[in-house]
*Asks:* 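To start, I am sharing the structure in question, which I have written as structure tokens.
Quick note: residue numbers are just sequence positions, from 1.
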Amino acid sequence: MQPGAFAKFNAPVQANLYITPNKSQGFNPHWDTHDVFVLQISGTKTWHLYGFEKELPTKNQSFVSKDYKKEPIQTIQLSPGDFLYVPRGYVHDAMADDGISSHITIGVLSFTWARYFNEIFPQLEEFKEFREAVPFWKGDLTELIQEKTESLRQKLSQLNFNKGIERLNKSFHSAQPQPVRNYFESIRNISKLSGDSPLALNEGLIYQFVKKKRAMNYICWVKPSSFRIHLNR
């Protein structure tokens, strides 16, 4: 997979390697709470696809596979080099055929709109009425909940909705492992650095440059570093 191949998803990506013995099954029928791309490496494996039980489930929505009796709507055998996409929430299982089978799954952990609004609502702490304690001691809170809901509706226009995207981008950059190349070689040669040493970005890194007067901030892994620069007049 080329570096940055999944960058357009702007979501954390994980990879798992599964090695399955002859005629063995890794998991019972289940769904994943993220989109999965399967690449068969060696041997063959038969996949049973059952369809959706719940579309776009989240980690808070579990699937009970015990006594799952449905028949698959599609059965596919993957050979080395074959590629399969299994959408989030699509029930499936897989069994190795004759011999050991291995495959890699690439999971795309996309941010949901629910997560986006979770990143927006912390701004409500700027308003006193939303910092108040929930008065459980009053018993029936129905009227008060309606009052706070109306207050929320009025405050929505004062929230900065761009902050939600900024916070998701920050979460992505901090959660996604960076494909650092020649890391240990660079560490070994660090004593050779001087003020005149040319610097180059490591291919595949997620970074951001922010210019501030005569300094350039280089932000990687959400950690800023400052460099002095010469500006041509």
*Asks:* Between H30 and H92, does the ring centroid distance fall short of 6.0 Å?
*Replies:*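 When the ring centroids of H30 and H92 are compared, they turn out to be within the sub-6.0 Å range.
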*Asks:* Give me the atom names and distance for the closest heavy-atom approach of F27 to D93.
*Replies:*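 Reported closest heavy-atom pair: O-CB, 3.7 Å.
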*Asks:* Give a yes or no on whether I73 and V86 share a hydrophobic cluster (residues Ile, Leu, Val, Met, Phe, Trp, Tyr; joining criterion: side-chain heavy atoms under 4.5 Å apart).
*Replies:*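 Yes, because I73 and V86 connect within a single hydrophobic cluster, where side-chain heavy atoms sit under 4.5 Å apart.
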*Asks:* Roughly how far, to the nearest 0.5 Å, is the CG atom of L159 from the CG atom of L152?
*Replies:*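 CG of L159 is found 7.5 Å from CG of L152.
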*Asks:* More than 12 heavy atoms of other residues, nucleotides or ligands under 6.0 Å from CD of E132: yes or no?
*Replies:*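 Count over threshold, so yes.
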*Asks:* So does I145 get a backbone contact from the side chain of T149, meaning a donor-acceptor N/O pair under 3.5 Å?
*Replies:*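 Confirmed, T149 side chain pairs with I145 backbone.
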*Asks:* Run the side chain to side chain contact (heavy atoms under 4.5 Å, CB included) check on F161 and E119 step by step: do they pass?
*Replies:* CA-CA 9 Å; F161 284 85; E119 301 293 347; over 6 Å; no
*Asks:* Salt-bridge test for R88 and E55: reply yes if a basic N is under 4.0 Å from a carboxylate O, no otherwise.
*Replies:*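 Salt bridge between R88 and E55, a charged N being under 4.0 Å from a carboxylate O: no.
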*Asks:* Using only atom types and a distance under 3.5 Å, with no angle test, would you say the side chain of Q40 pairs donor to acceptor with the backbone of S42?
*Replies:*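 Checked: pair present.
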*Asks:* Evaluate whether atom CD of E125 has more than 12 neighbouring non-hydrogen atoms of other residues, nucleotides or ligands under 6.0 angstrom away.
*Replies:*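 Atom CD in E125 is not crowded, with 12 or fewer foreign heavy atoms closer than 6.0 Å.
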*Asks:* Determine whether the side chains of Q77 and D97 contain a donor N or O and an acceptor N or O closer than 3.5 Å.
*Replies:*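 Per modelled atom types, Q77 and D97 side chains form a pair under 3.5 Å.
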*Asks:* Do N10 and N169 meet the criterion of a side-chain donor-acceptor pair at a distance under 3.5 Å?
*Replies:*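 Yes, N169 and N10 have a side-chain donor paired with an acceptor closer than 3.5 Å.
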*Asks:* Rounded to the nearest 0.5 Å, what separates atom CD1 in I41 from atom OG in S102?
*Replies:*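 Answer for the CD1-OG pair, I41 versus S102, is 6.0 Å.
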*Asks:* State, without any angle test, whether T20 and K45 hold a side-chain donor-acceptor pair at a distance under 3.5 Å.
*Replies:*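 T20 vs K45: donor-acceptor pair found between side chains.
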*Asks:* Would you please indicate if the ring centroids of Y50 and Y90 are separated by under 6.0 Å?
*Replies:*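 When the ring centroids of Y50 and Y90 are compared, they turn out to be at least 6.0 Å apart.
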*Asks:* Nearest 0.5 Å please: distance from the NE2 atom of H48 over to the CD atom of Q25.
*Replies:*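 H48 NE2 to Q25 CD: 8.0 Å, rounded to 0.5 Å.
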*Asks:* CD1 of I100: more than 12 outside heavy atoms within 6.0 angstrom?
*Replies:*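 Open.
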*Asks:* Consider only side-chain heavy atoms of I, L, V, M, F, W and Y, link residues closer than 4.5 Å, and tell whether L156 and I165 are in one cluster.
*Replies:*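 Yes, same cluster.
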*Asks:* Are F130 and S151 packed together at the side-chain level, in the sense that at least one heavy-atom pair is separated by less than 4.5 angstrom?
*Replies:*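 Result yes, sub-4.5 Å side-chain heavy-atom pair found.
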*Asks:* Which pair of heavy atoms, one from K155 and one from F127, lies closest together, and at what distance?
*Replies:*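 Closest approach of K155 to F127, heavy atoms only: CE-CD2, 3.3 Å.
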*Asks:* Between the side chains of S171 and R115, does any donor sit under 3.5 Å from an acceptor?
*Replies:*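 R115 and S171 do have a side-chain donor-acceptor pair below 3.5 Å.
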*Asks:* If you take all heavy atoms of V108 and A11, which pair is closest and at what distance?
*Replies:*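 Reported closest heavy-atom pair: CG1-CB, 4.4 Å.
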*Asks:* Between N160 (side chain only) and N162 (backbone N and O only), is there a donor and an acceptor less than 3.5 Å apart?
*Replies:*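 Yes; judged by distance alone, with no hydrogens or angles, the pair exists.
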*Asks:* In terms of the angle between their ring planes, are H103 and Y18 parallel, tilted or perpendicular, with boundaries placed at 30° and 60°?
*Replies:*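 Parallel.
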*Asks:* Is there side-chain contact between T58 and T33, with at least one heavy-atom pair below 4.5 Å?
*Replies:*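 T58 vs T33: side chains apart.
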*Asks:* Could you check whether any side-chain heavy atom of Q14 comes within less than 4.5 Å of a side-chain heavy atom of H34, counting everything from C-beta outward?
*Replies:*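 Counting from C-beta outward, Q14 and H34 do come under 4.5 Å.
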*Asks:* Would you tell me whether Q154 and E150 have side-chain atoms, one donor and one acceptor, within less than 3.5 Å of each other?
*Replies:*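 A donor-acceptor contact under 3.5 Å links the two side chains.
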*Asks:* List the atom of E53, the atom of Y68, and the distance in Å for their closest heavy-atom pair.
*Replies:*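 The pair with the smallest heavy-atom distance is OE2-OH, 2.7 Å.
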*Asks:* Is a donor on one side and an acceptor on the other found under 3.5 Å between the side chain of S24 and the backbone of N22?
*Replies:*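 Confirmed, S24 side chain pairs with N22 backbone.
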*Asks:* Check this for me: does any side-chain nitrogen of one of E166 and K170 sit under 4.0 Å from a carboxylate oxygen of the other?
*Replies:*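 The answer is no: the pair does not qualify as a salt bridge.
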*Asks:* Looking at every heavy atom in both F111 and P12, which two are closest together, and how far apart are they?
*Replies:*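 Closest pair (atom of F111, atom of P12, distance): CZ-CD, 3.8 Å.
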*Asks:* So, do L109 and F9 sit near enough that their side-chain heavy atoms are less than 4.5 Å apart?
*Replies:*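 No - every pair of side-chain heavy atoms lies 4.5 Å or more apart.
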*Asks:* Specify whether W113 and Y116 have parallel, tilted or perpendicular ring planes, treating 30° as the upper limit for parallel and 60° as the lower limit for perpendicular.
*Replies:*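 W113 and Y116: perpendicular rings.
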*Asks:* Quick check: is I76 connected to F83 through a chain of hydrophobic side chains (ILVMFWY, heavy atoms under 4.5 Å apart)?
*Replies:*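 In one cluster: no.
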*Asks:* Determine whether the side chains of T142 and D140 contain a donor N or O and an acceptor N or O closer than 3.5 Å.
*Replies:*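 Yes.
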*Asks:* If you draw a 6.0 Å radius around OH in Y85, do more than 12 non-hydrogen atoms from other residues or ligands fall strictly inside?
*Replies:*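 Counting other residues, nucleotides and ligands, OH of Y85 exceeds 12 neighbours.
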*Asks:* Consider only side-chain heavy atoms of I, L, V, M, F, W and Y, link residues closer than 4.5 Å, and tell whether F37 and V91 are in one cluster.
*Replies:*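 No: no chain of side-chain contacts under 4.5 Å links F37 to V91.
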*Asks:* Tell me whether L78 shares a hydrophobic cluster with L49, the cluster being built from Ile, Leu, Val, Met, Phe, Trp, Tyr side chains joined at under 4.5 Å.
*Replies:*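 They do share one cluster, since a chain of ILVMFWY contacts under 4.5 Å joins L78 to L49.
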*Asks:* Could you walk me through whether N16 and I106 satisfy the side chain to side chain contact (heavy atoms under 4.5 Å, CB included) test, starting with their C-alpha distance in whole Å, then the side-chain angles of each, then the deciding distance to 0.1 Å, before giving a yes or no?
*Replies:* CA-CA 7 Å; N16 297 306; I106 301 171; over 6 Å; no
*Asks:* Against the six-membered ring of F63, is K54 placed for a cation-pi contact (under 6.0 Å from the centre, within 45° of the normal)?
*Replies:*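 K54 over F63 ring: no.
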*Asks:* Minimum heavy-atom separation for L141 to P135, with atom names?
*Replies:*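 Where L141 meets P135 most closely, the heavy atoms are CD2-O, 3.3 Å.
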*Asks:* Between the main-chain N or O of Q123 and the side-chain N or O of E126, is there a donor-acceptor pair closer than 3.5 Å?
*Replies:*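 A pair under 3.5 Å: no.
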*Asks:* Taking CD1 in I190 as the centre, count heavy atoms belonging to other residues, nucleotides or ligands within less than 6.0 Å. Is the count above 12?
*Replies:*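 No, CD1 of I190 has 12 or fewer neighbouring heavy atoms, counting only those of other groups under 6.0 Å.
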*Asks:* As an exercise, state the distance from CG of D32 to OG1 of T105, rounded to the nearest 0.5 Å.
*Replies:*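 The CG atom of D32 sits 7.5 Å away from the OG1 atom of T105.
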